[in-house]
Each structure stands twice: as C-alpha cells, then as structure tokens.
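Right, one structure below, let's go through it.
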Amino acid sequence: MIFFWFFYYLILTFICYSLSKVIQNNFIKYLSIPIVFGLFGSLWYLEPGKDEIAPTISILFLELSIIESNGIERLLRPIISLVIFLELISLISYFIHKRFSKS
C-alpha cells in the first residue's frame, strides 16, 4: 500500500510541476497549484468508522454515484481545509518572494 501512495503523490507532484511550467503568470501559478494539489492530494476515510483511507476526490465521485449516501459534507471538509491551508502558504510565499526579489 505504501507503494501506491508513493507513486500517487509522485505523479501528483509531477502534474503540479508540469502545470507550473505551462502557466506563465506567477500569481495564477501560485493560486492554481495549491488548488490542484488540495483537490487530488487530500485523504479521508472510505467509510465512517473504518480505517481504510483513499483520495477524497475518488470517494466524492463514488458518493455522487450511489443511492445510499454517507454525506458529502464529510468529504468537502478535508478538501476545503487542505486547499485553504495550501493557498495561505502559497500566497505568503508569493508575497515574500515578490518583496525580496525586487530589492
């Protein structure tokens, strides 16, 4: 299982790196990379009360396709939390880099 998570985050990092090379505007780059990483990088439990975890976006697609729902809110919280946390770090990094690169 550790190999799956290693390759999953390796591929996700490669996708984010490729996206950073495609986007030319620095502000858009610092804004969009955390969103992509937060959407696909957040983890949550497959079912409430179980120990197995999976990427939250895949569980969200599964929840939208089945009749008996365990609650979409439980999946949106980790996604939103991780995206906001990564956005804060990214924007702080952007403004620090912008301020010190002009000096």
Side-chain angles (χ1 to χ4, degrees):
M1 191 58 125
I2 192 81
F3 291 118
F4 170 77
W5 292 115
F6 176 75
F7 286 117
Y8 181 78
Y9 279 103
L10 186 70
I11 291 170
L12 182 59
T13 304
F14 177 73
I15 289 171
C16 289
Y17 176 76
S18 301
L19 187 62
S20 73
K21 293 299 179 188
V22 171
I23 298 173
Q24 299 299 321
N25 188 342
N26 277 340
F27 184 72
I28 302 286
K29 186 184 303 186
Y30 276 89
L31 193 67
S32 63
I33 300 299
I35 292 174
V36 171
F37 199 85
L39 272 174
F40 295 103
S42 63
L43 302 173
W44 202 245
Y45 299 101
L46 283 173
E47 295 177 21
K50 300 287 182 175
D51 288 337
E52 298 106 6
I53 57 172
T56 310
I57 197 77
S58 65
I59 303 170
L60 184 65
F61 286 138
L62 180 65
E63 285 289 324
L64 293 174
S65 67
I66 59 175
I67 295 174
E68 183 183 327
S69 177
N70 287 325
I72 294 177
E73 302 85 21
R74 74 180 183 94
L75 301 171
L76 293 179
R77 277 181 276 158
I79 291 175
I80 292 171
S81 299
L82 187 62
V83 167
I84 289 173
F85 177 70
L86 292 175
E87 283 294 336
L88 286 174
I89 291 173
S90 178
L91 289 176
I92 289 169
S93 171
Y94 171 75
F95 288 122
I96 288 173
H97 183 264
K98 185 176 175 182
R99 181 177 179 151
F100 287 122
S101 67
K102 287 193 176 197
S103 300

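Remember, predicted model here, so these are calculated numbers, not experimental data.
Separating the OG atom in S20 from the CD1 atom in I28 is a distance of 14.0 Å, to the nearest 0.5 Å. Taking CG of L76 as the start and CD of E63 as the end, the distance is 10.5 Å to the nearest 0.5 Å. The NZ atom of K98 lies 10.0 Å from the CG atom of N26; values are rounded to the nearest 0.5 Å. Here the CG atom belonging to N25 is positioned 9.5 Å from the CG atom belonging to L31, to the nearest 0.5 angstrom.
Within a 6.0 Å sphere centred on CZ of F85, other residues, nucleotides and ligands contribute 12 heavy atoms or fewer. Atom CZ of F4 sits in a crowded spot, with more than 12 heavy atoms from other residues, nucleotides or ligands closer than 6.0 Å. The environment of D51 atom CG is sparse: at most 12 non-hydrogen atoms of other residues, nucleotides or ligands sit within 6.0 angstrom.
Following chains of ILVMFWY side-chain contacts shorter than 4.5 Å, one cannot reach I92 starting from I35, and the two form parts of different hydrophobic clusters. I79 and Y9 fall within a single hydrophobic cluster, where Ile, Leu, Val, Met, Phe, Trp and Tyr are joined by side-chain heavy atoms under 4.5 Å apart, directly or via other members. Residues I84 and F27 do not share a hydrophobic cluster, clusters being chains of Ile/Leu/Val/Met/Phe/Trp/Tyr side chains in contact below 4.5 Å. By the criterion of side-chain heavy atoms lying less than 4.5 angstrom apart, applied directly or through intervening Ile, Leu, Val, Met, Phe, Trp or Tyr residues, L43 is grouped together with V36 in one hydrophobic cluster. Each of I15 and L39 belongs to its own hydrophobic cluster when Ile, Leu, Val, Met, Phe, Trp and Tyr are linked at side-chain heavy-atom distances under 4.5 angstrom.
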### Stepwise side chain to side chain contact (heavy atoms under 4.5 Å, CB included) check, L46 with I53
CA-CA 5 Å; L46 283 173; I53 57 172; over 6 Å; no
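Within the 4.5 Å cutoff, the side chain of Y94 has no heavy atoms near those of the K29 side chain. Looking at S32 and I23, their side chains come closer than 4.5 Å, going by heavy atoms from C-beta outward. Between R74 and L60 the shortest side-chain heavy-atom distance does not fall below 4.5 Å. Residues F6 and L10 meet the side-chain proximity criterion, which asks for heavy atoms closer than 4.5 Å. A heavy-atom distance below 4.5 Å is found between the side chains of L64 and I72. In this structure the side chain of P55 reaches within 4.5 angstrom of the side chain of W5, judged on heavy atoms. Between E52 and Y45 there is no side-chain heavy-atom pair separated by less than 4.5 Å. Looking at heavy atoms from C-beta onward, F37 lies in side-chain contact with L12 at the 4.5 angstrom threshold.
Of all the heavy atoms in P34 and L86, the pair that sits closest is CB-CB, 3.6 Å. Scanning all heavy atoms of the two residues, the minimum distance from C16 to I33 falls at O-CD1, 3.3 Å.
Under a 3.5 Å cut-off, the side chain of Y8 and the backbone N or O of F40 do form a donor-acceptor pair. Checked by atom type and distance alone, the side chain of S93 never pairs as donor or acceptor with a backbone atom of I89 at under 3.5 Å. Judged by distance alone, with hydrogens and angles left aside, the side-chain atoms of S90 form a donor-acceptor pair with the main-chain N or O of Y30 at under 3.5 Å. Judged by distance alone, the side chain of T56 and the main-chain N or O of S42 form a donor-acceptor pair under 3.5 Å.
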